[in-house]
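In what follows, a structure is listed as structure tokens, so that the remarks can point back to it.
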Amino acid sequence: MYFIVVKWQTKPEWTDRFMDLVKEFTEATRGEPGNLWFDWSKSLERENEFILVEAFTDDGAAPHVNSEHFAKAMKEFPKALASTPEVVSRQVEGDGWGEMGEMSVS
């Protein structure tokens, strides 16, 4: 699977409405056959930072990057950003989340 984490720094005037901007893209991506998850979070420490955690099947990453909604997002999103997003993208073994080995909750 491809596991991807992206940090997005928004312009202050876009922070409150950034999730509205990415809504259509998020919904389209979640509907892709190869998408395993596509989850947004907002940093508790950096006011203008959003974190996207996403995963795709081995065969799902290329269709995502080559989709119309991806191309549209790459043209539309920069207007809301203070800097180029930072990304960690790796192909890893597995097909989803597993339980944390260091802790067990009963």
Side-chain angles (χ1 to χ4, degrees):
M1 101 178 140
Y2 284 92
F3 183 75
I4 305 157
V5 179
V6 187
K7 288 185 175 185
W8 304 77
Q9 304 296 328
T10 58
K11 294 176 182 173
E13 65 270 22
W14 273 93
T15 299
D16 289 341
R17 54 193 170 129
F18 184 66
M19 292 310 299
D20 293 331
L21 177 66
V22 303
K23 183 179 181 183
E24 182 180 317
F25 174 65
T26 298
E27 290 172 354
T29 301
R30 286 177 177 163
E32 293 175 15
N35 179 253
L36 299 172
W37 61 82
F38 198 81
D39 298 327
W40 290 95
S41 298
K42 189 165 183 328
S43 174
L44 298 175
E45 296 154 349
R46 288 169 293 285
E47 183 177 336
N48 300 325
E49 183 176 88
F50 292 83
I51 309 293
L52 175 60
V53 179
E54 52 187 302
F56 296 88
T57 61
D58 289 345
D59 297 330
H64 169 64
V65 173
N66 293 310
S67 69
E68 286 184 29
H69 56 270
F70 186 90
K72 181 180 176 186
M74 295 307 102
K75 289 179 183 174
E76 288 184 0
F77 292 0
K79 66 184 175 191
L81 301 176
S83 61
T84 301
E86 296 177 301
V87 63
V88 174
S89 178
R90 301 287 184 270
Q91 190 169 14
V92 299
E93 291 184 20
D95 58 4
W97 294 97
E99 287 187 344
M100 184 176 177
E102 297 82 5
M103 179 191 306
S104 178
V105 177
S106 46

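Just so it is clear, the model here is predicted, and its values are computed rather than measured.
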TODO: State whether the number of non-hydrogen atoms from other residues, nucleotides or ligands found under 6.0 Å of E86 atom CD is greater than 12.
DONE: no
Task: Exercise: identify the closest heavy-atom pair between F70 and V65 - done: CD2-O, 3.2 Å
Task: Shared hydrophobic cluster for V53 and M19 (ILVMFWY, side-chain gaps under 4.5 Å) - done: no
Enumerate donor-acceptor pairs with a distance under 3.5 Å from any side-chain N or O in residues 27-44 to protein atoms, sequence neighbours excluded.
residue, atom, partner, partner atom, Å
T29, OG1, F25, O, 2.9
R30, NE, F38, O, 2.9
R30, NH2, F38, O, 2.7
E32, OE1, H64, ND1, 3.3
E32, OE2, H64, ND1, 2.9
E32, OE2, H69, NE2, 2.5
N35, ND2, W37, O, 3.1
N35, ND2, A55, O, 3.4
W40, NE1, T26, OG1, 2.8
K42, NZ, E47, O, 2.3
S43, OG, E45, N, 3.1
S43, OG, R46, N, 2.9

Open item on the list: Any heavy-atom pair between the side chains of F50 and V6 that's under 4.5 Å?
Closed with: no
Open item on the list: Determine whether a donor-acceptor pair (N or O, by modelled atom type, separation under 3.5 Å) exists between the side chain of T10 and the backbone of N48.
Closed with: yes
Task: Distance (rounded to the nearest 0.5 Å) between W14 CH2 and F77 CZ - done: 10.0 Å
- [ ] Can you sort out the partners of K7 under side chain to side chain donor-acceptor pair (under 3.5 Å), two or more places apart, ordered by chain and number?
- [x] none
Open item on the list: I need the K11 NZ to Q9 CD distance, nearest 0.5 Å.
Closed with: 13.5 Å
Open item on the list: If you compare all heavy atoms of L81 against all heavy atoms of P85, which two are closest, and at what distance to 0.1 Å?
Closed with: CD1-CG, 3.9 Å
TODO: Heavy atoms only: give me the nearest A73-P78 pair and the separation to one decimal.
DONE: O-CD, 4.1 Å
Open item on the list: Just verifying a value: how many Å separate E13 CD and R17 CZ, rounded to the nearest 0.5 Å?
Closed with: 7.0 Å
- [ ] Please round to the nearest 0.5 Å and tell me the distance separating atom CD of E54 and atom CZ of F3.
- [x] 9.5 Å
Open item on the list: Using a 6.0 Å cut-off, check whether atom CG of D95 has over 12 heavy atoms from anything other than its own residue.
Closed with: no
Task: Cluster link M1 to V5, ILVMFWY, side chain under 4.5 Å - done: yes
Open item on the list: Return the CD1 to CH2 distance between I51 and W8, rounded to the nearest 0.5 Å.
Closed with: 11.0 Å
Task: Exceeds 12 heavy-atom contacts within 6.0 angstrom, atom CG of N66 - done: yes
